[in-house]
Amino acid sequence: MIEIESYDFADDVDYAASQQQGSQSIMRSNSGKMKDPEGGEVVYVKDNVSIHPTQYMSERISGRLKLVKQDDSLFMMWIPYKGQNTNTRLSERDRNLYTIRPLPITDVRSIRRHTPPLGWQYLIVVLSSGLAFPPLYFYNGGVKEFLATIKQHVLLVRSADDANVFIVNDFQDPLQKTLSSLELLGVVPVVAPSSAAIAVSPTSESQEKMAECACDTNCGSEFIERPKYKVNDPARDFSIQLLEKFSLVTKFARETTSQLFRENSGENLFLSDGRKPNHIPALPAAPPKLPPNDVQKVSDEVHVPEDPLEFYKLALIWGNPRQPPLSQEEWGDFLDSEGRVVDSEALKKRVFYGGIAHELRKEVWPFLLGHYDFNSTYAEREYLRSARKEDYEIIKLQWQSISPQQAKRFTKFRERKGLIDKDVVRTDRSFSYYNGDDNPNINLLYDILLTYSFYNFDLGYCQGMNDYLSPLLFVMEDESEAFWCFAALMERVGPNFNRDQSGMQAQLFALSKYCLVHWQLVELSDSPLHDYFKQNDCLNYFFCFRWILMQFKRQCADIYFSSFAHHRELRYEETLLLWEVLWTHHLTEHLHLYVCVAILKKYRNKIMGDRMDFDTLLKFINELTGHIDIEPTLRDAEALCLCLGETGAACIPPGTPPSLPLKNALVSSQLEDEILGYTILRKVIADQIASAKEDDLVAFELVFRWEW
Amino acid sequence: MATIGHNNLNAKLVLLGDMGAGKSSLVLRFVKGQFLEFQESTIGAAFFSQTLAVNDATVKFEIWDTAGQERYHSLAPMYYRGAAAAIIVYDITSAESFARAKKWVQELQKQGNPNMVMALAGNKADLEERRCVPAEDARAYAEENGLFFVETSAKTAQNVNEIFYEIAKKLPRAQPPQNPAGMVLVDRQTDGSRASTCCS
């Protein structure tokens, strides 16, 4: 049902904003006097509006969307770019198939706006004929302006049933006026164009409702009563006929597009606390069109009902399915006869998607951490191992040879010993490898940490390093190897422990930008969590401090408060998995920041619903310990990383940990300026925090203004 | 800042002190009634809340438990600003930790909220045989600086509830509203019927 008499959009923030922007864009285009080759006036143009012919985001056809005014009519067109398809398997034929040739906007029945929590906003355009075009993904934004521009030329009415459905109504056409007023459910079902590979449903749930209504006269009363002022409309019978017809269409559409059907149910799910709606049709055995090779397992793997986010990915799969851990046989295949890793990128990718079987970690971790070169042979590694062992013993001797008399005159040494002493005895003590009195592994932790504080005297020892070392020693089972892996890891995450907190600030800053970019670019108008953080002084993302400092170790390893030993071991295992995935640096060196975003995203309704302030949020996040499911979180993080793409990567100032510090010689002068500017701003932030007089927000606002 | 409702007070409390002095253990004892022999080190900060009944009113403590290592010192102002109360913790078996406690007192006197209720806790009182800091020294120092002093043991629970109870009693009952600075408490009304005493 629509409210034909009233087209007040005041309650729709999006729309209210768009009206202004819309008129601006009209003005712009008027002054520019853009003319379409075909003689019309271009009133709207947007690049990078794409369709995905299959459910895989990697298969994408990008093009240009235009609205052209000719005489008094408005036309919509979408032309794919030539030769720029992301996937070579998409043929010229595909391009032509999906091209939208100039189409009078009055032929459009309705436009549905989708704002999935993962991915870009998209529109589904449904024609009066009942046909629909594939979803148009607005990679560069522009949904608001698109709707606003249409509204300048034809009456666009928002469905009262669904705020995201906009019904195009041409009052010149009395038949359409009547039809529109009979849009009882705010929905028009859809069939695919001739391709049949794509068929889309605007609202599965409503369609389901419609189908039920059509079959079951008992529930039909609901919609018959709705248009109260139209009860005597002779067209009512006609509408019922339509509905019956549509229900058949729905059945067809359901069979071909049940993947897409689920998406809307997902939206409802998200709002209703994970409760599964009754209307979801069954998942088919296989997606309609299966691409070959490694993605074929998708249909088995994607269904994770307890995580509402998963439903979205049924519509468009951004991340890849997780795989079983790298096995001994596979590892063997990665090595040549002399022990070199033949294709290190493939290995990293394999580990990224599945982790490593535990017994293999000892062999593979030194590569991931950069302790061994991928190109080294068995013999070279054997030599390196013994040479490094000698090196380690020499450094260790440096502190072992300090006599009590010397120590008395060596305050720094005594202090460091004291710090390490206090921390090793409380490092993962309830984990079997470290529990019990006089556990020799505790002594090894102590020796390695003190040796490291001599190896890297400037950094020294800092609380949290013990947490990094503990899993390394457990996996490597060798003092010297654990030390060198630890040293390699500290090359990456050591800046987390900088005295001035610069390493942490850089990452928190990057995180805030990821989130901002995510919420502003990907979700466009929908950045409620960002606004919420802003209102609640949470924009510094400090509540993620521990996640980042420890690379989630404490988050997974619920060592102290879990009553079941088995549960604890499992959590420890999850830390190992998460770390090796992060260390691959496949896709990004900063996956841990995407993991933060993924978790915040998952809980954003809870955070906002419970109106958490900074303190409560920090408490909430601390209490998530042990409740973060690694596999789905990693998938979400990967998906976010793919969504943000280069825009996301551009958020990260060069040298942000765990990226290795930049070599000055390689820094261009422009980059230097950026780094300098960034450093100054970081100092501003640090000063603001330290002075404790001004709101944190001010500093972060400064940064945002500078960056944007 | 302490905020006052109808007979209910919300008070932000921060724990400061050297690493390994027992800050987290004191909080864990007070909030959950538990003690862990090997309490893991605190990274960043942890946040807890606990409500105490004092006479006819309740005080809801919103507790910030901080990381002790000097390395994380630069973060401390984020936690102690706007705090209505602070417990500065040292370890009676460590003279260094007592020296560090004095530094915290100085810093709070200089930079903290001037109306802050400060308590000095000499923790690990159960380790009498390893004592390095005489109780009299600490008491004298506390008196000079207007602090409330008590020796505690998170392990045996000695004086743990008492120190929080004393702070609750000392909190000013009404305060003129001040300009909130950054991380302040939201003025939430505590539901009196849900208030409970600690560890009950």
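Below, chains carry the letters A, B, ... as their sequence lines are ordered, and counting in each starts from 1.
Heavy atoms of Gln501(A) lying under 4.5 Å from chain B belong exclusively to its side chain. Looking at Met504(A), there are no atoms closer than 4.5 Å to chain B (heavy atoms on both sides), in backbone or side chain. Thr42(B) touches chain A through its backbone: at least one of N, CA, C or O sits under 4.5 Å from a heavy atom, while the side chain does not.
The candidate with the highest count of non-hydrogen atom pairs below 4.5 Å against chain A, out of Met19(B), His73(B), Glu70(B), Glu96(B), is Met19(B).
Tested against Asn123(B) for a side chain to side chain donor-acceptor pair (under 3.5 Å), the candidates Asp91(B), Thr93(B), Asn159(B), Thr152(B) yield a single pass: Thr152(B).
Residue Ser430(A) holds its OG atom at 13.0 Å from CD of Glu37(B), rounded to the nearest 0.5 Å. Atom-to-atom distance recorded for Phe431(A):CZ and Tyr434(A):OH is 7.5 Å, nearest 0.5 angstrom.
Pairing each heavy atom of Phe543(A) with each of Cys538(A), the nearest pair is CE2-O, 3.3 Å.
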